Amino acid sequence: KYPHRDIPGDDFPDEAWQVDAVYVNHYLNDADKLISRAMEAIFTEYGKGKPLAPEKLAERLEMFHWEKLDLKETTSAPPMFSRRGNREIGGWTTKRSFNGLVRRLLHAMMTQDTFTVVLAGHSAAMGAGNHFRQSYMMQFYRVMRPIFDRLGVKLITRNISQGGLGTIQGAMGSAGIYGDEVDLMIWDSGMTEGGAPEHVDLFLRQALIGGNRVPVVWGGNFELLRMLHEEADADVGEFGWATADMPVTENEEQMKDLPWAYQRMKCLDENQDFCKENRFNATCWIDRPDGIKPEAAQLDRPTGQVKWHPGWRSHQLTGRNLAFAVLEALQNAVNVWSEGTMTGQPLDEEYWHVDDYYNNIREKVLNLDKELGACYKIEGKLPTRMCNTPMNGRTQYTPRAQPDERSISALIKPAPDGFVPKNEKVALYDGPDVHIPAFDIPEGAIDVVSIVENRRRRLEETSEERQVSKTQTTKANQSRNLGDEIVPGKGWQVFGEPQGFCDGTYEAICGRSTDNDCILAGHHDGRGAVIGNEYAGWLVLQLKDVKDGIIVAKLHTWHYESENTRTAGWKAVNDERQLRGEKRNVDGRLDDSNIERSLMRSYETPELPDDFVFEFAINGKITSWNKAQFLDAKKQIQRVVETVTLLDDEDFSNGEAQEVEVAIRLRGCGSTCVFGLSHMYWA
């Protein structure tokens with residue numbers, strides 16, 4: 001009835017709390033006190049708490065200050081946000097963009113809806129070398145969740161960062177992979193994607209047009225953010241590191257006088273080794289009181305503890321910076337609500353309705369001139385219509401939003417015997433992890449989360465009670481057939497996907513499989529795929545709502561023969577000799593632990609035999625590519641990102657949404673060629 005729950009003021013029921021002036025006044029008063037308490041706790045954690053002299057109160061604001069730029073006049077990034085800038089303040093945005101964030105927060109508060117923050121980034125953003133919960137997005141969540149809870153809003157925070165990758169593989173199916181109800185989208189992939197503005201532009205555009213909501217976007221190329229702000233009214237910004245006025249750690253004795261949160265963060269050049277001693281504080285295994293032992297030998301510490309990955313204190317500070325920015329917006333929202341209802345409740349819709357606001361931005365992005373930005377430079381590798389067409393996407397990579405429903409395996413049409421490939425990994429244990437001392441706050445240090453929650457000092461909570469979700473096993477609709485000769489194969493399998501519910505959120509339990517060599521790290525990052533060879537047969541997928549005639553597949557063409565264990569020993573498609581009564585004795589158990597962790601494997605397409613054929617079918621119409629045609633059609637978008645465009649025809653459905661069946665298979669190379677399908681994108 002009301003798009004985006006934009007209820008007109010006159011339609012609120014008389015008994016609704018939003019029209020109860022007494023209740024709302026208490027709600028806003030309590031919110032203001034809680035927000036102020038959280039902000040002061042963060043300042044105190046870094047040695048800048050009250051009481052302070054007036055000049056010190058002013059100085060401390062610099063740490064988390066967000067500069068409000070006039071992008072009509074400012075045509076290049078502020079010096080501290082240039083490529084070699086120190087990014088020492090909170091960040092930059094614009095007045096209009098800040099007000100756009102306030103509007104979204106007011107909407108969530110008025111409707112008691114969700115507020116979703118998503119980070120897309122590389123290994124440093126992922127928190128490599130640290131525990132997943134030490135990553136800055138999870139540190140943001142720890143501080144902000146209790147506040148949103150008190151406001152009646154469910155905060156959802158996803159860290160969808162992936163090691164060794166940029167964001168293009170998620171951007172091409174943004175709404176399906178990052179989620180379609182995102183309020184704040186953050187990009188942090190400069191190390192792996194900063195030199196590809198066309199990919200960053202595609203990421204930003206799909207974030208703005210792909211989902212049900214139109215988020216604020218923080219991060220990315222300044223020129224692109226400026227263009228989207230000025231030409232499409234998008235709300236933009238860029239976050240910094242909040243390192244202004246950071247004290248130097250000199251030695252062990254002097255360090256005792258520094259706030260615990262600052263210790264060893266900044267050392268003089270001649271004393272860098274001292275700062276590195278406790279840069280990472282993470283472990284892979286702690287003996288459990290229930291006697292459960294790991295089946296795989298555990299590493300001493302998580303991988304990724306290298307100089308270009310920030311340690312836990314840096315992640316904590318970045319998380320506090322992001323939290324402080326949202327706290328300031330919440331504080332402003334409370335003030336807007338208070339001042340806007342002096343003549344009566346509810347708050348006037350001009351302050352918090354979002355439907356028209358979203359539609360304005362979305363329509364302007366959809367109709368941007370092709371000369372603006374960099375997106376159309378994807379021509380020749382990807383359909384350029386991706387720049388102005390909302391895309392759907394599914395993937396076996398993790399993390400991903402709604403991981404059961406939004407996997408490749410959830411699209412697969414079952415074989416005649418009901419077989420659908422699924423994640424076969426088994427959890428070593430259920431329930432909470434043991435207590436991890438690395439998360440503890442020492443005596444005498446400020447515990448921001450306890451202050452926000454208004455309770456006594458606590459040990460870091462163990463893993464939440466959320467149950468581990470089973471891998472998706474729902475069968476796809478079997479009402480349509482591609483054709484008599486296209487029968488779903490039985491040799492495909494899920495490879496490389498972590499065990500568990502890997503959606504990038506704090507409470508989710510991911511990666512506890514018996515073959516994991518660092519269980520307590522808790523990371524969700526995995527390059528999963530549905531893999532098969534010639535003997536695997538057809539992989540048949542059912543795509544809903546194909547309207548614009550775009551279908552793109554992201555492949556792994558580089559899997560080893562030994563990785564497709566399901567077809568081990570097969571000599572024919574679907575192991576048809578079994579049907580003739582032959583027997584085989586092959587251990588088909590999946591063990592991808594060593595290979596998926598290997599840093600030395602090649603991601604290049606191996607030499608294909610001359611007889612190789614790649615076939616795909618769309619609604620029963622088969623297209624065959626020989627070796628040369630396939631290699632010409634396969635495009636290397638980024639490292640580990642290779643795609644083939646299966647359909648790019650805007651007249652395909654005449655604008656009518658259809659359910660389309662897509663099938664792929666390999667021929668001419670037996671078991672030696674093993675391909676994986678990691679992503680499907682369509683519109």
Side-chain angles (χ1 to χ4, degrees), residues 169 395-397 408-409 412 415 419 421 485-497 527-541 551-578 584 586-592 594-596 598 600-618 622-637 639-646 662-680:
Q169 72 283 349
T395 181
Q396 216 68 31
Y397 275 25
I408 294 291
S409 49
I412 297 175
F419 170 75
E485 64 178 325
I486 299 178
V487 178
K490 298 187 290 185
W492 296 87
Q493 68 187 67
V494 173
F495 178 90
E497 180 184 40
R527 295 180 189 172
V530 178
I531 69 171
N533 55 29
E534 179 176 358
Y535 300 145
W538 285 101
L539 179 64
V540 183
L541 309 175
I551 300 177
V552 176
K554 179 181 171 298
L555 303 177
H556 291 175
T557 61
W558 32 258
H559 282 285
Y560 301 129
E561 180 176 354
S562 60
E563 292 174 340
N564 192 193
T565 57
R566 182 168 174 81
T567 61
W570 291 15
K571 299 300 182 183
V573 174
N574 292 325
D575 196 21
E576 290 179 352
R577 65 177 183 173
Q578 288 277 77
R584 59 185 174 90
V586 176
D587 183 358
R589 291 177 299 174
L590 175 63
D591 180 10
D592 57 16
N594 292 328
I595 299 168
E596 78 176 81
S598 172
M600 302 302 293
R601 73 171 303 152
S602 171
Y603 294 105
E604 299 294 325
T605 303
E607 180 64 29
L608 300 173
D610 292 339
D611 293 337
F612 172 84
V613 177
F614 178 88
E615 290 191 325
F616 65 94
I618 297 176
I622 298 175
T623 299
S624 299
W625 287 337
N626 61 28
K627 173 182 174 180
Q629 290 169 324
F630 172 76
L631 292 175
D632 183 62
K634 182 179 71 72
K635 305 301 180 183
Q636 195 75 35
I637 309 302
R639 177 182 175 273
V640 202
V641 181
E642 47 188 2
T643 66
V644 289
T645 298
L646 306 181
V662 177
I664 64 172
R665 73 173 176 181
L666 309 178
R667 289 198 297 110
C669 56
S671 62
T672 59
C673 303
V674 180
F675 281 17
L677 178 67
S678 67
H679 295 69
M680 283 295 292

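Just so you know, these numbers come straight off a predicted model, no measurement behind them.
Nearest heavy atom pair, residue Pro609 against residue Gly668, reads CG-O, 3.6 Å. The heavy-atom pair separating Gly491 from Asn564 by the smallest distance is O-ND2, 3.5 Å. Across Ala536 and Asn574, no two heavy atoms sit closer than the pair O-OD1, 3.5 Å. Of all heavy-atom pairs spanning Ile664 and Phe614, the tightest one is CG2-CZ, 4.2 Å. Summarising the geometry of His556 relative to Tyr397, their closest heavy-atom pair is NE2-OH, 2.8 Å, with the distance given to 0.1 Å. When every heavy atom of Ile618 is checked against every heavy atom of Leu646, the shortest pair comes out as CD1-O, 3.5 Å.
Residue Arg665 holds its CZ atom at 6.0 Å from CD1 of Ile622, rounded to the nearest 0.5 Å. With values rounded to the nearest 0.5 angstrom, Met680 atom CE is found 13.0 Å from Gln396 atom CD. Taken to the nearest 0.5 Å, the OG1 atom of Thr565 stands 7.0 Å off from the CD1 atom of Ile531.
Side-chain atoms of Thr557 and Lys634 form no donor-acceptor pair, as typed in the model, at a separation below 3.5 Å. Judged by distance alone, the side chains of Lys635 and Thr643 never bring a donor and an acceptor atom under 3.5 Å apart.
The side-chain hydrogen bond (donor to acceptor under 3.5 Å, both in side chains) search around Ser671 returns Glu561, not counting sequence neighbours. For Ser624, the side-chain hydrogen bond (donor to acceptor under 3.5 Å, both in side chains) criterion is met by Glu615, not counting sequence neighbours.
Side-chain contact check for Leu541 versus Ile412: some heavy-atom pair is nearer than 4.5 Å. The shortest distance between side-chain heavy atoms of Leu608 and Phe630 falls below 4.5 Å. For the pair Lys627/Glu607, a side-chain contact is recorded, criterion being any heavy-atom separation below 4.5 Å from C-beta on.
Although no hydrogens or angles enter the test, the distance criterion places no donor-acceptor pair under 3.5 Å between the side chain of Glu534 and the main chain of Thr672. Looking at Trp558, its side chain never comes within 3.5 Å of a backbone N or O of Gly676 through a donor-acceptor pair.
Using a 4.0 Å cut-off between charged nitrogen and carboxylate oxygen, Lys490 and Glu576 do not count as a salt-bridge pair.
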Requested in this report: Go through the steps for Phe616 and Trp625 under the test ring pair (Phe, Tyr, Trp, His ring centres under 6.0 Å), then give the verdict.
Outcome: CA-CA 9 Å; Phe616 65 94; Trp625 287 337; 4.9 Å; yes

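Note: Phe612 and Phe675 have tilted aromatic rings, judged against thresholds of 30 and 60 degrees for the angle between ring planes.
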